[in-house]
Amino acid sequence: MKRIGVFDSGLGGLTVVKAILSEMPKENIVFFADAANMPYGDKTPEEIVAFSRHNASILNEYDLKALVIACNTSDSIAGDLLKQSYEIPVSGVIKAAAEEAVKQTKNKKIAVLATKATVLSGSYQKQIKELDEEIAVTAIPCPDLVPLIEEGRFIGYDELLDRSIDKYLEEARQCEADTVILGCTHYDLLYDLVQEKMPDVKIVSSSRTVVQELKEILTGSHRLSRWKGKDIYLSSSCSQHLDQIAAKIIPDIRLQKK
Ligand code: DGL
């Protein structure tokens with residue numbers, strides 16, 4: 001059975017899996033979370049390249065028809081390298097999110113919420129400027145968010161998470177952005193909260209926009225699945241606690257150690 005391979009540093013990648021399955025319910029997934037090494041956002045580019053190559057090679061042990069880099073941090077640093085390394089289509093999250101934000105902005109001011117490593121890579125800034133050089137891009141590093149989300153603090157109200165979000169959104173307000181990219185797949189779990197706090201702003205989630213690109217690739221090459229089997233969920237570190245948090249994104253999930 002041909003599968004779509006999806007990886008992330010952690011649970012954020014499950015928001016991409018959820019979006020794929022909602023758009024293409026018959027697709028078969030193999031997912032890998034590198035939970036033992038997350039967060040990637042504070043790692044060096046060399047470490048991120050090594051982790052990303054390793055993650056892709058684990059998924060490549062399965063019969064893949066496409067690979068999705070469901071991690072902005074990996075995509076920003078190792079995306080080109082992975083795209084060159086595999087024969088199958090490799091989709092990264094950044095390009096589609098940048099394109100969608102360029103389509104949405106009216107005042108040509110875009111804020112990108114992302115990890116420190118993604119911001120430092122300059123990937124979003126470069127992709128957006130290539131599409132429209134008049135657009136002002138403010139990339140805001142949000143180092144607190146991934147660890148708080150991995151602790152499960154997105155489930156219900158959490159004061160610490162709420163305060164952190166407010167701090168970062170204040171920077172987005174300062175630059176008068178009318179469009180905010182959630183440039184980390186973990187942040188899709190904060191979509192409703194961010195929209196509530198910034199009701200007049202267009203929110204673009206990198207977890208959701210990549211799915212259209214993937215669907216076009218699979219449709220165009222007549223490789224959409226017609227038969228749904230059992231999805232496979234893998235992680236470099238497992239615990240009952242992690243499963244409980246993951247189940248808030250994909251019900252009844254059980255991560256297997258890899
Ligand atoms: N979901 C990853 C991303 O999209 C999180 C990176 C991290 O582990 O810091 O960037």
Side-chain angles (χ1 to χ4, degrees), residues 5-20 31-56 59 67-79 82 90-98 100-101 111-125 127 139-154 161 164-165 168 180-191 194 203-211 213-214 233-237 242 245-246 248-250 255:
V6 181
F7 79 79
D8 182 30
S9 63
L11 299 180
L14 291 175
T15 64
V16 178
V17 172
K18 188 177 168 186
I20 294 172
F31 170 78
F32 179 72
D34 190 13
N37 293 308
M38 85 89 215
Y40 282 4
D42 58 9
K43 303 290 189 298
T44 64
E46 291 74 22
E47 288 172 311
I48 294 163
V49 167
F51 294 148
S52 304
R53 290 177 93 125
H54 178 70
N55 300 345
L59 293 173
L67 177 65
V68 180
I69 308 169
C71 175
N72 289 261
T73 312
S74 286
D75 189 26
S76 70
I77 289 154
L82 292 182
V90 177
S91 295
V93 273
I94 293 178
K95 184 170 157 274
E100 181 61 21
V112 184
L113 306 181
T115 66
K116 193 170 137 218
T118 301
V119 170
L120 287 177
S121 77
S123 289
Y124 268 107
Q125 297 91 318
Q127 291 263 359
I140 303 163
C142 310
D144 300 348
L145 297 185
V146 167
L148 294 175
I149 291 167
E150 288 278 336
E151 279 176 29
R153 288 175 184 262
F154 65 93
L161 181 61
S164 298
I165 295 170
Y168 300 131
V180 172
I181 300 178
L182 303 180
C184 169
T185 52
H186 282 74
Y187 305 170
D188 185 65
L189 296 162
L190 311 174
Y191 190 104
V194 173
I203 313 290
V204 174
S205 165
S206 59
S207 303
R208 303 179 192 193
T209 45
V210 68
V211 178
E213 179 190 304
L214 181 66
Y233 294 100
L234 310 168
S235 176
S236 54
S237 160
L242 192 67
I245 299 168
K248 297 287 175 194
I249 309 168
I250 305 278
L255 291 150

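Owing to the predicted nature of the structure, the values given are computational and were not obtained by experimental measurement. Read the numbers this way: they start at 1 and go in the same order the structure lists the ligands and their atoms. Numbering of residues begins at 1 and proceeds along the displayed sequence.
Between the side chains of S91 and E213, at least one donor-acceptor pair of N or O atoms lies under 3.5 Å. Side-chain contact, N72 with S206: a donor N or O sits under 3.5 Å from an acceptor N or O.
Contact annotation for T185 and ligand 1: heavy atoms of both the backbone and the side chain come within less than 4.0 Å of the ligand. Contacts between S9 and ligand 1, counted as non-hydrogen atom pairs separated by less than 4.0 Å, involve the side chain only.
Interface atoms of ligand 1 facing D8, defined by a heavy-atom separation under 4.0 Å, are 1 (N), 2 (C). For ligand 1, the atoms sitting less than 4.0 Å from at least one non-hydrogen atom of T115 are 6 (C), 9 (O), 10 (O), numbered in the order shown with element in parentheses.
Side chains of Y124 and S76 form no contact here, defined as non-hydrogen atoms less than 4.5 Å apart.
Among protein heavy atoms, atom 6 (C) of ligand 1 sits closest to T73 OG1, 3.4 Å. Nearest protein heavy-atom neighbour of atom 9 (O) of ligand 1: G41 N, 2.8 Å.
When I250, V211, D188 are each tested for a side chain to side chain contact (heavy atoms under 4.5 Å, CB included) with K18, only one passes: I250. Of the options T15, V194, V146, a side chain to side chain contact (heavy atoms under 4.5 Å, CB included) to Y187 is made by V146 and by none of the others.
When F51, F7, Y40 are checked for heavy-atom proximity to atom 7 (C) of ligand 1, Y40 turns out nearest.
Residue contacts with ligand 1: G10 is excluded, as none of its non-hydrogen atoms falls under 4.0 Å.
Between F51 and Y40, the ring planes lie parallel to each other; the angle is under 30°, not in the 30° to 60° tilted range.
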